[in-house]
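Presented below is the structure to which this report refers.
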There are 2 protein chains.
Amino acid sequence: MPTRAPHVPSKLAEAAFELFAEQGFARVSLDAIASNAGVTKGSVYHHYSSKREVVLASCRFYYRKWQQTTQRQIAPLTDPMDRLIAVLRFSVKTCLIDERNRMFTAEIMALSLLDKDVQCGWAQFYDSARETYVGLVDAIKFETQMGPVDTRRAVDLMLAAMEGIKQRASFEPEISAPEAQERCIEDLLGILGFSHVASAHNPCSLIS
Amino acid sequence: MPTRAPHVPSKLAEAAFELFAEQGFARVSLDAIASNAGVTKGSVYHHYSSKREVVLASCRFYYRKWQQTTQRQIAPLTDPMDRLIAVLRFSVKTCLIDERNRMFTAEIMALSLLDKDVQCGWAQFYDSARETYVGLVDAIKFETQMGPVDTRRAVDLMLAAMEGIKQRASFEPEISAPEAQERCIEDLLGILGFSHVASAHNPCSLIS
DNA sequence: TTTATACAATACTCTCCAGTATGCCAAAAG
DNA sequence: CTTTTGGCATACTGGAGAGTATTGTATAAA
């Protein structure tokens, strides 16, 4: 059983992700992916049976990378609120700055309406992300006795807003400015029921 | 100047929208669009110079339709809060139920990262939608002296959450249930600073 | 009636790309 | 050392679809 090159499949998945995140699924050929991974199409079909399988592999690569990076943000921190804010800050920054990330998720959203496996993969990913946030918020609630009544519902709404903010960043680049990033974090904390830790200026606060 | 058929271009735009909203831009051929409009590809190229132009026309068709339908929701109502809730209810319902709407907007999002004209068109559409909501919220503020401090910011956040909810509906169909729709409306009203008009159970309310 | 023109259909080209068939080579098994 | 086998490259096929060239036809103007 000869094994020369180290893990061609994962190299292909990464190369595919990079290209997909720049041009979308339809515009990238398997030749381009193979070339970007330093191989040819022949070996792509040794590891994956179709382009669709390559797409699914690139999704799994993206999900794994996201989870790893997120865990790395949390790891060094112990205070629950610090941990939540660190993850939020990192997520918002990614949403607003990283155009490749926006492209890739937008493509997944479009494709998931036609492909049940893509849809299922994203659903699992979303689920794990939600549980991460629920854990962070519940930790704060336990410590401070403050927070949203229904944690899961608040997290869902916050994540929805974050996805929407990501979309807006695509066509209103001005919201990628650093101040705008902090405002986003305030807004998201507000949705989670932590408007007190953010600035006093908050769209949720009433006039009178 | 012979003018036989009534408005072939707009018929093409609508036919294109219908197919794009089912299969996405890339999977629909001009032959299919022409056939769906009752003509052939030859006349498509009489009215549009390329497939890209057809895509842009289908976007304009979608934007116009949305604005017309939204105005029709507001027209018969006079009370500001009723008007806001009517638009919200209609928008949420569309987001959660209408899979074609989700598909089309998802495709626009993906394409707008590669095509500046598509991006610009969506930006204008978003802008007009935002101004509609700002007008509705400001009317309520004027009448009741209650509402968000920064209307525009609150509306932006609310619209972001709505886009995110639309996305979630794609892979979590259970949130399309009628009760879930009402919860969504509550949540969005909460973001706009009108949590008092919604139910007392609200993820924004604090425990203590 | 004739001519010009806008509009539409048919038939074609040309390119791109997913998928396949085959051959080569290196390492492990015997 | 030979044979087998897994990993990868080269070369090819077939189909789909964007765009074009040509022809036909109905209407408006002259």
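In what follows, chains carry the letters A, B, and so on, assigned in the order in which the sequence lines appear, proteins first and then strands, with residues in each chain numbered from 1. Just so you know, these numbers come straight off a predicted model, no measurement behind them.
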Of the nucleotides [options], which has the atom closest to the [X] side chain?
X: B:V8; options: D:dC8, D:dG19, C:dA8; result: C:dA8
X: A:T40; options: C:dA8, C:dG19, D:dA9; result: D:dA9
X: B:Y45; options: C:dA18, D:dA18, D:dA9; result: D:dA18

Q: Could I get the full list of salt bridge (Lys or Arg N to Asp or Glu O under 4.0 Å) partners for B:D117, not counting sequence neighbours?
A: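 Scan of B:D117 (salt bridge (Lys or Arg N to Asp or Glu O under 4.0 Å), adjacent residues dropped) gives B:R52.
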Grab the [atom1]-[atom2] distance between [X] and [N] for me, whole Å please.
X: B:Q23; N: D:dA16; atom1: CD; atom2: P; answer: 14 Å
X: B:K51; N: D:dA16; atom1: NZ; atom2: C1'; answer: 11 Å
X: A:D31; N: D:dA9; atom1: CG; atom2: P; answer: 12 Å
X: A:Y48; N: D:dC8; atom1: OH; atom2: P; answer: 12 Å
X: B:L19; N: D:dG17; atom1: CG; atom2: C1'; answer: 15 Å
X: B:R27; N: C:dA18; atom1: CZ; atom2: P; answer: 13 Å
X: B:I33; N: D:dG19; atom1: CD1; atom2: P; answer: 11 Å

Q: Look at all strands and tell whether A:S29 reaches a base, only sugar-phosphate, or nothing, counting heavy atoms closer than 4.0 Å.
A: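 If one applies the 4.0 Å heavy-atom cut-off, A:S29 turns out to touch the sugar-phosphate alone, with no base involved.
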Q.
Considering every strand and a 4.0 Å limit on heavy-atom distances, what is the contact class for B:V28: base, sugar-phosphate, or nothing?
A.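 Sugar-phosphate: the residue B:V28, judged by heavy atoms under 4.0 Å, touches backbone atoms but no base.
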**Q.** Any B:S43 side-chain N or O less than 4.0 Å from OP1/OP2 of C:dA9
**A.**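 B:S43 to C:dA9 OP1/OP2: side-chain N or O found under 4.0 Å.
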Q. Can you check whether A:H47 has a side-chain N or O nearer than 4.0 Å to OP1 or OP2 of D:dC8?
A.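 Answer yes for this pair, as a side-chain N or O of A:H47 is under 4.0 Å from OP1 or OP2.
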Q. Pick the nucleotide of DNA chain D nearest each of A:V39 and B:F25; which residue has the one closer to the 5' end?
A.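 In this pair, the answer is A:V39.
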Q) Would you say the ring centroid of A:W66 lies under 6.0 angstrom from that of A:Y63? A)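 Centroid separation for A:W66 and A:Y63: 6.0 Å or greater.
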Q) Is B:K41 side chain donor-acceptor paired with the D:dG19 base, going by distance under 3.5 Å alone? A) yes
Q) On a plain distance test, is the side chain of A:H46 in donor-acceptor contact with the base of D:dC8 below 3.5 Å? A)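 Donor-acceptor pair under 3.5 Å: yes.
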(Q) Please check this pair: side chain of A:Q23 against backbone of A:V28, looking for a donor-acceptor N/O pair closer than 3.5 Å. (A) no
Q.
Under a 3.5 Å distance rule, please check whether A:Y48 uses its side chain to pair with a backbone N or O of A:P9 as donor and acceptor.
A.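 Side chain of A:Y48 to backbone of A:P9, a donor-acceptor pair under 3.5 Å: yes, one is there.
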Q: Using heavy atoms to find the nearest nucleotide of DNA chain C for A:G42 and A:A26 separately, return the residue whose nucleotide is more 5′.
A: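 The answer here is A:A26.
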Q. Should the pair A:F104 and A:Y62 be assigned to parallel (<30°), tilted (30 to 60°) or perpendicular (>60°) ring geometry?
A. tilted
